[in-house]
Amino acid sequence: MSTNLAHEKKQNNAPQKKKRSFPTAYTVLFIVLALAALLTHTIPAGSYAKLIYDDASNAFVVTTPLGQTSEYEATQATLDELGVKVDVEKFLDGSIYKAVALPGTYEELQSNPQGFIEVIQAPISGVYDTIDIIMFVFIIGGIIGVLNASGAFDAGFAALSHATNGREYLLIIIVTFLIACGGTTFGLAEETIALYPILVPVFMIAGYDAIVCIAALYMGSSIGTMFSTVNPFSSVIASNAAGISFTNGLAFRGAGLVIATIITITYIIKYAEKIKKDPSKSLIFDQKEELEKRFLHETKEVPAFTGRRKLMLALFASAFFVMIWGVATQGWWFMEMTSLFLVVGIVLCVLSGMGEKKAVSNFVAGAADLVGVALTIGVARAVNLIMDNGLISDTILHGATDIVSGMNGGVFSIIMLGIFMILGFFIPSSSGLAVLSMPIMAPLADTVGLPRDVIVSAYQYGQGLMAFITPTGLILVTLSMVDVTYDRWLKFIMPLLGMIGGFAAVMLLIQALI
């Protein structure tokens, strides 16, 4: 007996092994940043000549890889001469507003490797470059702070939980479907950042974990943008840059949207119901108490859902509909969206009845809670800056064109899907990748006897798939909103990535062979 006690005591006094945890979003991004800088030392520098329409002088301005500029008459004949098979009206009416790469103009340039100083400065430049998104995040954080302190959220969540009691799966279906609709029509993506602090508690009250909420919002957006139908920042601008109408291939992408959304919702519900029955099956079960403490404000008594609180939540919700209207029809972007929510925030402070000092204090505290998210946005942008400054983005694109030249049509379409997945990692901007790659890639479809809309679909599917996981996109920003590590997300999403990837390949083959 004494021997066992001595052995037990020795075990208790032994140093405990430190449990390894996955790095934070910042560390993951800095690793990617360092790898991007390393690539600038190994991949040759190069660039295509770029064309942009200058409405002030009503002329095309072409910038050579060496930085020399020339003006050309803004006519269809000029575009034909330069090998850009796009209707000139698309430039004149602003449909194509970014610089377009000119086919056949790639030149190798003197290497511009990014070193230690550039890597350290890149996140700072990234914050400057994304200040519009960061301000949007801060204003939303401030509003959340006021709504939390007023008791409006607690009362509203309690009412919603009661309304969906026994039918909690409807939350997943409704949220994923609505967000997918926003993604396919006007590219709803960054705007969803505002919804996480609001919906995570709703899903947790329903008996789900934070990953279910992330999946419903993030995958709704990702599936919608991957199978974009009339999204001006994806389908429309890519089709314009490819020299075709965005209605070409629309039926395939529309059918793909419906089927992929059903696959996604089914996958999320299967996971959600599993952890509802047994919470220990959650991929973030060890964070359950921590997340409940953060998102489910413990109160002795649920606040009454008074008229004042209903009005505050109604005003906040209506702001999202105004935002959607502005982005979809009025050309709004972050300046206008942030201004809208600033006005809403001021009105909510007044409606809260807290008094000026307390309302402002809660607003500032709410904004402060999202400082970490803001920094993640800046560091993510830094990766793209390193690659652009290192002059390797165009080289990667040029190398991709060499791979697919002269291939069989079906094989070509699948290889293009893979190429756009790679390009989507390095160039996460949908409009940026479209105008850079389409004038180069679209003519390759002609050489293998395929319609150009196959290239547009391959671009959307490839970049959309990478959006599920790429650290240079929105996923790390999203995960940092709810303190979920990247490895947990990968464990959840990889099976779905395989399903959607296989489905996209089949859809692409059908489109190429019909």
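In terms of modelled atom types and a separation under 3.5 Å, the side chain of T40 and the main chain of A37 share a donor-acceptor contact. Using modelled atom types, no side-chain atom of Q463 and backbone atom of S234 make a donor-acceptor pair closer than 3.5 Å. A donor-acceptor distance shorter than 3.5 angstrom exists from the side chain of N389 to the backbone of L385, with no hydrogens or angles considered.
Between V454 and P451 there is a side-chain heavy-atom pair separated by less than 4.5 Å. Put simply, the side chain of F203 reaches to within 4.5 Å of the side chain of I172, judged on heavy atoms. The shortest side-chain heavy-atom distance between V482 and F295 falls under the 4.5 Å cut-off. Contact check for Q460 versus F420: no side-chain heavy atoms found under the 4.5 Å cut-off. Between Y267 and M499, the closest side-chain pair of non-hydrogen atoms falls below 4.5 Å. By the 4.5 Å heavy-atom criterion applied to side chains, T261 and T264 are not counted as neighbours. Counting only heavy atoms from C-beta outward, the side chains of V88 and Y53 never approach each other to under 4.5 Å. For the pair L39/M387, no side-chain contact is recorded, criterion being any heavy-atom separation below 4.5 Å from C-beta on.
Checking I500, I475, I469 one by one against I493, the side-chain contact (heavy atoms from CB on, under 4.5 Å) holds for a single residue, I469.
The distance from the CD1 atom of I223 to the OH atom of Y218 is 11.0 Å, given to the nearest 0.5 Å. One distance of note links CZ of F177 with CD1 of I262; it measures 10.0 Å at 0.5 Å rounding. Put simply, OG1 on T184 and CD1 on I179 are 13.0 Å apart, with the number rounded to the nearest 0.5 Å. Expressed to the nearest 0.5 Å, how far CG of L513 lies from CG of L508 amounts to 9.5 Å. Interatomic distance, L79 CG to K90 NZ, rounded to the nearest 0.5 Å: 13.0 Å. To the nearest 0.5 angstrom, L178 atom CG is 13.0 Å from S221 atom OG.
Judged as a salt bridge (Lys or Arg N to Asp or Glu O under 4.0 Å), and not counting sequence neighbours, the contacts of D394 are K50.
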Donor-acceptor pairs under 3.5 angstrom involving side-chain atoms of residues 250-260: please list them, not counting sequence neighbours.
unit_1: R253; atom_1: NE; unit_2: S228; atom_2: O; d: 3.2
unit_1: R253; atom_1: NH1; unit_2: S457; atom_2: OG; d: 3.4
unit_1: R253; atom_1: NH2; unit_2: F246; atom_2: O; d: 3.0
unit_1: R253; atom_1: NH2; unit_2: N248; atom_2: O; d: 3.4

Practice task
Go through the steps for Q511 and V456 under the test side-chain contact (heavy atoms from CB on, under 4.5 Å), then give the verdict.
Solution key: CA-CA 11 Å; Q511 188 176 352; V456 174; over 6 Å; no
Handout entry: Stepwise side-chain contact (heavy atoms from CB on, under 4.5 Å) test for Y271 and D209
Key = CA-CA 10 Å; Y271 170 82; D209 65 11; 2.6 Å; yes
Handout entry: Steps toward side-chain hydrogen bond (donor to acceptor under 3.5 Å, both in side chains) verdict (S282, Y208)
Key = CA-CA 9 Å; S282 168; Y208 302 135; over 6 Å; no
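Within a 6.0 Å radius of NZ in K276, more than 12 heavy atoms belonging to other residues, nucleotides or ligands are found.
Between Y461 and F227, the ring planes are tilted. Angles from 30° to 60° get that label.
Aromatic ring centres of F492 and W489 lie closer together than 6.0 Å.
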